Amino acid sequence: MSTVYLNGAYMPKAQASISPDDRGFLLGDGLYEVTPFYQGVPFALDLHLKRLLKGLCYLRIDYDVSGLVAMHHELISRNGLAGAERSMVYMQITRGAAPRTHYFPEIPVTPTVYAFAKEWSRPADEVWNLGFSAATVPDRRWSRVDIKTICLLPNALAFQAAKDKGADDAILVRDGVAIEGAHQNFWAVFGDTAVTHPVTGHILPGITRGILLEEAREAGVSVEERPIQVEELEFATECFFSGTTGEVRPVVEVDGRPIGDGTVGPVTRRLSDIFLARVEATKKAEWVAAS
Ligand code: PDD
């Protein structure tokens, strides 16, 4: 039985209970983060918490985040995941429980903070090397998806629509532009340049995306942030997704048509290697600091 965190206490999951008046449950009034751990070492936890803080400010949820780093470590440890190759902490903060109104509660409420930890794995190399497929689906989300709210119904419907078409994942399309995936950012390679949508209210500014941009620039890999027209994908030589539990995930087929020659290309492989090297460097730095 996994140990979860709820409002300041650790407990077996079966003992965790949340009020039916919780505004997260009734209205989707809350935020979440998914932070990866590699062999017990958090990866970019500071950046995840910074994004969370931005969301808390936007939603005007008054919550002191100072204990969250310790809570993440504690959950990993209590669930026996400190040695796991890959694990993660899912954390969500809602405005709290209050009589249902569309406006904010007039009396102060305490936010509900819930978190759990679990293991995840990267696809086997044989699978990753074949690449994945994606289907384009209309993006029906609101125009502030840069705020990582728990309102994921449009994402879930889009992912399901892609699955129904037999694809592995969805590419959300707005006004002819391939915006991002249902749970990952989207990239396409033109020539030797890896292109991804700029940060606007229409994409989630992925932590993985940001790190890839930074590391690519450092390594001299050409990158560009600009909208990608779906029609352009015909000329893309490679495509891939980036995200916490996907890392760099090659896409070799969109809407049943091959991208480039239909195999995982060199830019995707290079960026994947660069990303995994950053993970290794983070682990080493943490171990050196702790020794
Ligand atoms: N998804 N875009 C969307 C819509 C996302 O939901 C996510 C993350 C990303 C990638 O962001 P990051 O690199 O910070 O993980 C992009 C999380 C992991 C999820 O919903 O499980």
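In listed order, ligands and their atoms are each counted from 1. If you're wondering where the values come from, they're calculated on a predicted model, not measured in any experiment. Throughout, numbering of the chain's residues begins at 1 and tracks the sequence. For the numbers below, each heavy atom of this structure counts, side chains included, while hydrogens, waters and symmetry mates do not.
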- Message: Would Gly210 count as a contact residue for ligand 1, given that I'm defining contact as a non-hydrogen atom of the residue lying under 4.0 Å from a ligand atom?
- Response: no
- Message: Just to check, does Tyr90 reach to within less than 4.0 Å of ligand 1 when the distance is taken from its heavy atoms?
- Response: no
- Would you indicate which of Val34, Ile207, Leu47 comes nearest to atom 21 (O) of ligand 1 when only heavy atoms are counted? Val34
- Item | Atom indices of ligand 1, in the order listed, that fall short of 4.0 Å to a heavy atom of Asn155 | 4 (C)
- Item | Sole candidate of Lys50, Arg51, Lys148 that passes salt bridge (charged side-chain N to carboxylate O under 4.0 Å, His left out) when paired with Glu33 | Arg51
- Which atom of Ser133 lies closest to which atom of Val251, heavy atoms considered: C-CG1, 4.5 Å
- Query: Side-chain donor-acceptor pair under 3.5 Å between Thr193 and Ser222, yes or no?
  - Reply: yes
- Query: Among Ile228, Val177, Asn185, which one satisfies side-chain contact (heavy atoms from CB on, under 4.5 Å) with His197?
  - Reply: Val177
- Write out all pairs satisfying salt bridge (Lys or Arg N to Asp or Glu O under 4.0 Å) with one or both partners inside residues 105-127, taking only residues at least two apart or from two chains. Arg122-Glu247
- Nearest-neighbour protein heavy atom for atom 17 (C) of ligand 1, which is reported as residue plus atom name and distance: Lys148 NZ, 3.4 Å
- Query: Is His48 close to ligand 1, meaning an N/O of one under 3.5 Å from an N/O of the other?
  - Reply: no
- Item | Subset of ligand 1 atoms that lie under 4.0 Å from at least one heavy atom of Gly206 | 11 (O), 12 (P), 13 (O), 14 (O)
- Query: Relative to the heavy atoms of Asn185, which atoms of ligand 1 are at a distance of less than 4.0 Å?
  - Reply: 10 (C), 16 (C)
- Message: Using ring centroids (six-membered ring only for Trp), state whether Tyr90 and Tyr32 fall under 6.0 Å.
- Response: yes
- Message: Quick test of your reading of the structure: of Ile203, Thr208, Leu212, whose heavy atom lies closest to atom 13 (O) of ligand 1?
- Response: Thr208
